[in-house]
Amino acid sequence: MSHDHSHDDDHGHSHYDSPASRRARSSFEVRAMALEAALVENGVLTTDAIDAFVDVMEHRFGPHHGARVVARAWSDPEFKARLLDDANTVLTEIGISGVEGNVRVIENTEDTHNMVVCTLCSCYPWPLLGLPPTWYKDYAYRSRAVVEPRSVLREFGLEIDPDVRVAVWDSSAEIRYFVLPKRPDGTEGMSEDELAALVDRNSMIGTAVVAAPA
Ligand code: FE
């Protein structure tokens, strides 16, 4: 029986993947596996239940939902206004369930770039974005994002113009922040499906922007 419940989907940006953090992660993985084995042996959980949970996290939840919400907000001003005002109600209406706490959508504008962190742990809008990437949980990101956000963004390859304010939002169990990225130029007339395909996870955390179509 082999259970691989690691979710290391961090591509690049290895500043947060120091040897020390890899060692720490592997010790957590060992602990997680021991805990899983104990729970299963004692009949508290079944491996099927664990697999079902992981399946939900990896398939039913995910950034494709967030991208769909962004594309709709770009296409429908009334939807966008309601989303910014009361995201939970709007998400429920469009069939996105399982949101824990209040989701607050923050909009990137010409003047302000938003980025999200959870300084305490890794609070994150799972139904909209799936499981958080490894770097989101890393102590380096959690501490540096609030102190030197522009440097952190630079390490993600994102240079924010000095005239643009960078706002950092600290997610918690009560409020999960979600960034509505700016709609790129050159996307006039695109369908919602075409727009959604441009939107990636990091742009909804604020560590990337949505690039204009090639
Ligand atoms: Fe957290």
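As the structure lists them, so they are numbered: ligands from 1, and atoms in each ligand from 1. Reckoned from all heavy atoms, side chains included, excluding hydrogens, waters and symmetry mates. Keep in mind that this is a model prediction, so the values were computed, not measured.
Annotation: salt bridge (Lys or Arg N to Asp or Glu O under 4.0 Å) contacts involving residues 182-197, sequence neighbours excluded, comprise Glu110-Lys182. The salt bridge (Lys or Arg N to Asp or Glu O under 4.0 Å) analysis of residues 111-120, with sequence neighbours excluded, yields no pairs. Contacts classified as ring-ring contact (aromatic ring centres under 6.0 Å, His included) and involving residues 73-103 (residues at least two apart or in different chains) are not found.
Atoms CG and OG, on Leu195 and Ser75 in that order, are 5.0 Å from each other to the nearest 0.5 Å.
For Phe61 and Trp126, the ring centers sit 6.0 Å or farther from each other.
With a cut-off of 2.8 Å, the protein N/O/S atoms near the Fe ion (ligand 1) add up to 5.
By the rule that hydrophobic residues join a cluster once side-chain heavy atoms approach within less than 4.5 Å of another member, Leu120 and Ile205 end up as members of separate clusters.
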